[in-house]
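All chains are named by letter (A, B, ...) in the order of the sequence lines, taking the proteins before the strands, and each is independently numbered beginning at 1.
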Amino acid sequence: MTALAGIRVLDQTQVMAGPFCTMLLADMGADVVKIEPPGGESMRGGELELAPGVSASFLAVNRNKRGIVLDLKRPEGVAVLKKLAATADVLVENYRPGVAARLGVDYATLAAENPRLVYCSISGFGQTGPYAGRGGFDLIAQGMSGIMSATGTEGGPPVKVGVPITDLGAGLFGLVGILAALRARRVTGRGQLVDTSLFEAGLALSAWEATEYWYTGENPRPLGTAHRLNAPYQAFRARDGWFTVGAANERLWPRFAALLGLEHLVTDPRFARPAPRLRNRADLQELVEAVTTGAPRAHWLALCEEAGIPAGPIYSVPEALGDPHALARGMVQEIEHPGVGRVKALGNPVKLSRSPATLRKNAPRLGEDTDAVLREAGYTTDALEVLRAAGAVR
Amino acid sequence: MKALAGLRVIDLTQAMAAPFCTMNLADLGADVIKVEPPGEGEPTRRGSITRHGESATFLTINRGKRGLTADLKRPEGVEIVRKLARTADVFVQNYRPGVAARRGLGYEDLAAVNPRLIYCTISGFGSTGPYAARGGYDLIAQGMSGILSVTGDEDGAPAKAGVPLSDLAAGLFGVYGILVALESRERTGQGQHVDTSLLEAALALTVWESTEYWATGRAPGPLGSAHRLSAPYQALRASDGWFTVGTNSDRLFEALCRALGRPDLPRDPRFAGRVERLANRRALIPLLERTTSGAPRAHWLERLEREGVPSGPIASYAEALADPHALARGMVVDLVHPKAGPLKALGVPVKLSDTPGAVDRPAPLLGQDTAAILAELGYGAEEQQALRDRGIV
């Protein structure tokens, strides 16, 4: 049995942060019903089209969900949502703050009918505070949380983290909040509002950097691939590309130096202790790369593995997804999509021994499950016809 | 009440990923008992940034926990942890795979004494698969997941995410696995093994990038601050620094052009639609920057806000942590540590209306709660003294 079987989630989310959150609930067996407007959510029209109207980006974060279409601009559509919310465990939305209230589907309204509902809002800046009303994307949050100021190379143009880390982080913190609220509900009998944002996720992911700033008074700078506090812990150039090494501690550093034939550096006052090693990182890199550029990265990685030094290649995305360990851990899955064929999908990164995540179905076609979900909620064929004729559902 | 009140977590973790996992549980109210070796404690206590001898990094991700010392190289120390595990809901460790089992603290060992226990392992590569035994750090996982290959300047040397995102994500995925397993236990009565890793966490964050590769067959590369599928969505230069703008629709692009006083640009066929703007990004950005570099970023941010265009400064940490919105959202918390004195800490990023999390106690001193926890386990005063005399606790 899946871990979250029987948990009903209403998913009023779009794009990335919210859909990623609900996808992780769906992976573990929750019945996630994605609610879309009559035209479908914006990601359905994404650039990465696999077939007419089927966007790869939409599929990537909406697998395992069911899909219904409700027009929340019509009172009949809102009434359907309220009826569904009356029996749901969780609702997740990522409108700009204020929109849900305007539509009449905010927490206060829905909790009046269903006090057990856990209602999660994921937005750019959260439901309160001076920027609550602003729109926020991952880029904006990466910039305002400080993450961009610490990413890239010293003196270079601004660089963001290549993956949308505040979207993903907000989705994960939302997920943690939802699961914690479900647990609290077992004690209190009540649901609650779970409120998080891209901006706060960006700050929360800055644990080391905030600490460095508060304790030293210095702003963390971008350092390329290097570590703020330890060396050597960075990418080095080999003859045919780059590889990473983490050999900063007093056990690993002498082994790494020996493997390079640079034993003398271990007693060199510039590199003998952690603090001078960090200070003299540029010199150290030059000395190391004088050796490492002489052989391909596979050579150095084999030597590091033999010596028990954490090291690895810098993979392109295709290499990462073709790596035997990634495959052995089930990180690459395939699933059938009607009209498209086999579609690849990322596996769930958490392995549960008894109730593991499952990949049961691909993302829904627009309105695929409207009938089934509404019938479960008690709508008769006639009632469905009326709603459809009014344009409230599809 | 906090959401996870009553949940007992045994924490045999070091460094970042797993302590971050248990810190999040502690923030939400779990009773997290950190077990450390007597004498020096876990390695992070010897961090290079200190205040009054206390390591800043240790304090940061061990707040809200209680502290116990036990020498796990000796059977009496292992026995203490086994007794604790009998009373616990969750056990988290981040040794290299195999190490805990050698000490009699593997999942099978502890499930035998407490079948309801949820046992979470967070390692570099996970408990199975060809690289299971390898050590892994955040940097290695960023490199092997492809994240390093999509971060940095378009033509520059590689750059990693400035924050250790594989560590942090592995910690968060661990929290997710633990809470999901608790939900499952409510129905089955049984605990289970939750296993995640830095590499898998990092791979799970490459949602867009893996999708792009699978859909197009092309390897995504680094784009500086730009977006893979929308333009303009990146940093722009002002006269005194940089700011970000995000537009992903014709409506927002028109609003941006109004804010910059360039209403002509949306009529230019090169920039008329989303597809055209993405294809002609290299022509578009210099045109925008010709305007934006003529005034300070505050000027542009004010106009962009008025037009409703998502935008913001590229803040240093000094700026980010003093930002009025960050403060209004409780993201900066004051704590007092018995040795290090007044400290600042990051707040809880997810707000629960009924059972909110909170940061209300600093990281424990080494062994701070040993006596209290041993007493809870039923060790009498003489027994405790004997353990102490022999250096086991």
At a heavy-atom separation under 4.5 Å, does [X] approach chain A through its side chain, its backbone, both, or neither?
X: B/M1; value: side chain
X: B/L352; value: both
X: B/R187; value: side chain
X: B/V245; value: backbone

Who pairs with A/R221 by side-chain contact (heavy atoms from CB on, under 4.5 Å), at least two apart in sequence or on another chain?
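For A/R221, the residues satisfying side-chain contact (heavy atoms from CB on, under 4.5 Å) (neighbours in sequence not counted) are A/E154.
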Contact origin within [X] toward chain B - heavy atom pairs under 4.5 Å:
X: A/V245; result: backbone
X: A/L4; result: both
X: A/R186; result: side chain
X: A/F20; result: side chain
X: A/F199; result: side chain
X: A/P274; result: neither
X: A/D138; result: both
X: A/L139; result: both
X: A/P222; result: neither
X: A/I7; result: side chain
X: A/A226; result: backbone

Choice from [options] maximising heavy atom contacts with chain A below 4.5 Å:
options: B/I147, B/D153, B/L148; result: B/D153
options: B/A328, B/A132, B/P130, B/G312; result: B/P130
options: B/M23, B/R274, B/E319; result: B/R274
options: B/L203, B/D167, B/V175, B/V275; result: B/L203
options: B/T196, B/I314, B/L179, B/D195; result: B/D195

Over 12 non-hydrogen atoms of neighbours within 6.0 angstrom of CZ in B/R218:
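It does not: B/R218 CZ has 12 such atoms or fewer within range.
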Can you find a pair of side-chain heavy atoms, one from [X] and one from [Y], that are under 4.5 Å apart?
X: A/V159; Y: B/S225; value: no
X: A/V317; Y: B/W214; value: no
X: B/Y176; Y: A/M28; value: yes
X: A/P164; Y: B/E209; value: yes
X: B/V180; Y: A/V350; value: no
X: A/I178; Y: B/V350; value: no
X: B/L252; Y: A/F137; value: yes
X: B/R329; Y: A/D195; value: yes

Considering all heavy atoms of both residues, which atom of [X] and which atom of [Y] are nearest to each other, and what is their separation?
X: B/F125; Y: A/H325; answer: O-NE2, 2.6 Å
X: B/T355; Y: A/A184; answer: OG1-CB, 3.7 Å
X: A/T196; Y: B/P349; answer: OG1-O, 2.7 Å
X: A/Y213; Y: B/L321; answer: CD2-CD1, 3.7 Å
X: B/L229; Y: A/S57; answer: CD1-OG, 4.3 Å
X: B/A320; Y: A/L203; answer: CB-CD2, 4.2 Å

Under 3.5 Å, is there a donor-acceptor pair between the side chain of [X] and the main chain of [Y]?
X: B/T244; Y: A/G143; answer: no
X: A/S353; Y: B/H193; answer: yes
X: B/Q192; Y: A/S355; answer: yes
X: A/N219; Y: B/A318; answer: yes

Considering residues at least two apart in sequence or located in another chain, which fulfil the salt bridge (charged side-chain N to carboxylate O under 4.0 Å, His left out) criterion with A/R190?
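Salt bridge (charged side-chain N to carboxylate O under 4.0 Å, His left out) list for A/R190, sorted by chain: B/D354.
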Determine the interplanar angle of the B/Y137 and A/Y233 rings, folded into 0 to 90°, and report it as parallel if under 30°, tilted if 30 to 60°, perpendicular if over 60°.
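Ring orientation, 0 to 90° scale: tilted.
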Step-by-step side-chain contact (heavy atoms from CB on, under 4.5 Å) determination, B/F173 to A/N348
CA-CA 9 Å; B/F173 280 117; A/N348 191 292; 5.5 Å; no
Closer than 4.0 angstrom, basic N to acidic O: yes or no for B/R134 and A/E305?
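Answer for the salt bridge query: yes.
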Show your reasoning for whether side-chain contact (heavy atoms from CB on, under 4.5 Å) applies to B/V163 and A/E209.
CA-CA 7 Å; B/V163 298; A/E209 292 66 30; 3.4 Å; yes
Evaluate side-chain contact (heavy atoms from CB on, under 4.5 Å) for B/L7 paired with A/R183, printing each intermediate quantity in order.
CA-CA 10 Å; B/L7 190 76; A/R183 188 165 171 82; 3.8 Å; yes
Before you tell me yes or no, could you show the steps for A/M144 and B/H325 under side-chain contact (heavy atoms from CB on, under 4.5 Å), namely the whole-Å CA-CA distance, both residues' side-chain angles and the distance that decides it to 0.1 Å?
CA-CA 10 Å; A/M144 292 179 70; B/H325 191 79; over 6 Å; no
Using side chain to side chain donor-acceptor pair (under 3.5 Å), reason through A/Y315 and B/S145 one step at a time and then give a plain yes or no.
CA-CA 7 Å; A/Y315 277 154; B/S145 62; over 6 Å; no
When you compare the side chains of A/S149 and B/Y317, does any donor N or O come within less than 3.5 Å of an acceptor on the partner?
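Absent: no donor and acceptor within the cut-off.
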Interatomic distance, B/I140 atom CD1 to A/F243 atom CZ [nearest 0.5 angstrom]:
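It is 10.0 Å, given to the nearest 0.5 Å.
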Which residue is it: B/L343, B/T60, B/I49, B/I61? I am looking for the one with a side chain to side chain contact (heavy atoms under 4.5 Å, CB included) to A/T211.
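That would be B/T60.
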